[in-house]
Amino acid sequence: EKGGWDSFMDKEIHEDPAAVQRTLLGRFDKNGDVALDEVRIDEHDFKAIDKIIVIACGTAAYAGMVAKYAIEHWVRIPVEIELAHEFRYRDPILTPRTLVVAISQSGETMDTLMALRHAREQGSKVLAICNTQGASIPRESDAVLYTHAGPEVAVASTKAFVAQITAAYLLGLYLAQVKGAMFRDEIRHILDSLKNMPRKIQWMLDTQTKTIHQAAERMLNAQSFLFLGRHVGYPVALEGALKLKEIAYTFTEGFAAGELKHGPIALVDEGEPVVFIVPPERGRNVLHAKVLSGIEEVKARGAFIIAVAEEGDKDVERYADVVFWRPACPTLMSPLVDVVPLQLFAMDMAKLKGYDVDKPRNLAKSVTVE
Ligand code: M6R
């Protein structure tokens with residue numbers, strides 16, 4: 001059942017490309033436009049949506065955070081992310097034009113289920129992005145967009161994350177289409193980039209695995225890690241940090257790289273490992289230079305720098321001690337590749353420490369209690 005891999009986590013990380021591919025499959029009409037027929041909210045209601053609130057927990061919430069950057073940019077409507085357990089116990093501002101999107105791999109997370117009931121009681125439509133057919137969350141939602149990642153067994157979520165981003169992007173592009181927020185050609189162009197991502201993820205798996213493993217060997221005695229990113233790299237940093245906490249039991253803090261100077265830089269000492277997600281599109285993306293200056297700052301304080309950066313990024317090569325290379329891709333697509341080396345890194349660390357990567361202590365695959 002592990003298909004030759006020695007853990008489910010290993011198998012599932014290697015299914016990242018297929019998870020994206022399968023989630024895209026059958027979601028286009030003959031003209032190449034996004035067609036989400038299974039989502040039973042009619043076009044008229046979709047057109048009226050003026051705000052999205054994503055409710056989710058853990059990894060699923062980080063996928064929602066990534067989607068916020070894309071959907072706000074494409075559709076020009078506000079997208080809020082709220083941890084389901086927080087949403088549930090406050091008085092959220094919802095209108096019939098708010099679309100609540102519940103993201104859940106298992107579809108059984110009690111916090112998310114309670115939050116979705118809370119939203120529906122107040123008259124909002126809920127769309128579930130879920131990986132498990134017929135689970136409670138999709139059953140109780142007004143509409144469902146399934147991620148077709150295939151069953152995820154390891155407690156640490158991996159392929160579900162990339163599939164959730166893919167599904168949320170499809171939803172965003174569909175909304176842009178229905179609302180006329182973008183030209184058809186622009187949407188097609190983005191879809192082409194999205195369709196290229198399984199190949200790019202595969203490249204990462206094929207070429208970077210050894211470097212990642214060696215980095216884990218070098219870092220085995222590290223007591224703590226910092227993970228930093230900006231824009232879509234920020235939720236990726238949070239997700240990379242979560243993986244390491246969850247299965248390698250290492251104190252890890254993820255935060256927005258811009259926050260460094262507002263406090264966290266005080267933590268950086270000689271030899272402290274700091275992982276940076278460096279944005280692509282060097283020269284065109286102002287954030288590239290910003291992240292780079294963060295790298296310089298911590299380097300000056302003796303940090304050990306691990307970077308995820310675009311192939312050929314000479315600036316990063318100059319400062320980083322280790323680089324996990326990503327093939328060139330647009331910024332909004334980069335999380336789909338960037339999370340992969342972080343998943344592998346956490347898994348390698350945990351295995352080298354002798355832990356069971358599929359069943360970390362104190363955790364369950366689906367959290368069915370509030
Ligand atoms: O099944 P769900 O996607 O609703 O689960 C949400 C979280 O419990 C889950 O992502 C958790 O954070 C993972 N163990 C992270 O690897």
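As the structure lists them, so they are numbered: ligands from 1, and atoms in each ligand from 1. Reckoned from all heavy atoms, side chains included, excluding hydrogens, waters and symmetry mates.
Atoms of ligand 1 lying under 4.0 Å from at least one heavy atom of Lys243, given by number and element, are 15 (C), 16 (O). Listed by number with element, the atoms of ligand 1 under 4.0 angstrom from any heavy atom of Cys57 are 6 (C), 7 (C), 10 (O). Interface of Ser157 with ligand 1, defined as ligand atoms under 4.0 Å from a residue heavy atom, comprises 15 (C), 16 (O). Proximity to Gln105 (heavy-atom distance under 4.0 Å) selects the following atoms of ligand 1: 1 (O), 2 (P), 3 (O), 4 (O). Each of the atoms 16 (O) of ligand 1 lies under 4.0 Å from some heavy atom of Ala156. Remark: ligand 1 atoms within the under-4.0 Å shell around heavy atoms of Thr59 are 10 (O), 12 (O), 15 (C), 16 (O).
For atom 1 (O) of ligand 1, the nearest non-hydrogen atom of the protein is Ser106 OG, 2.7 Å. Of the protein's heavy atoms, Val367 CG2, 4.2 Å lies nearest to atom 8 (O) of ligand 1.
Salt bridge annotation for Lys243-Glu239: present, with a cationic side-chain nitrogen under 4.0 angstrom from a carboxylate oxygen. The pair Lys159-Glu152 fails the salt-bridge criterion, with no side-chain N (NZ, NE, NH1 or NH2) lying under 4.0 Å from an Asp/Glu carboxylate O. Under the 4.0 Å criterion applied to side-chain N and carboxylate O atoms, Arg88 and Asp111 are not assigned as salt-bridge partners. The pair Arg218-Asp321 does not meet the salt-bridge criterion, since no charged nitrogen lies less than 4.0 angstrom from a carboxylate oxygen. Contact check on Asp338 versus Arg326 returns a salt bridge, with a Lys/Arg side-chain nitrogen under 4.0 Å from an Asp/Glu carboxylate oxygen.
Between Leu336 and Ile165 the shortest side-chain heavy-atom distance falls below 4.5 Å.
Polar contact with ligand 1: present for Ser104 (N/O pair, distance under 3.5 Å). The shortest N or O to N or O distance between Val155 and ligand 1 is under 3.5 Å. Of the polar atoms of Thr109, at least one N or O is found under 3.5 Å from an N or O of ligand 1, judged by distance alone.
Between Tyr62 and Phe161, a ring centre-to-centre spacing not shorter than 6.0 Å is recorded. In this structure, Phe276 has its ring center at least 6.0 angstrom away from the ring center of Phe227.
For Glu108, the heavy-atom gap to ligand 1 stays at 4.0 angstrom or more.
When the heavy-atom distances from atom 14 (N) of ligand 1 to Gln343, Lys365, Gln164, Glu246 are ranked, the shortest goes to Glu246.
At a cut-off of 3.5 Å, with distance as the only test, no side-chain donor of Ser366 or Glu108 sits close to an acceptor on the other residue.
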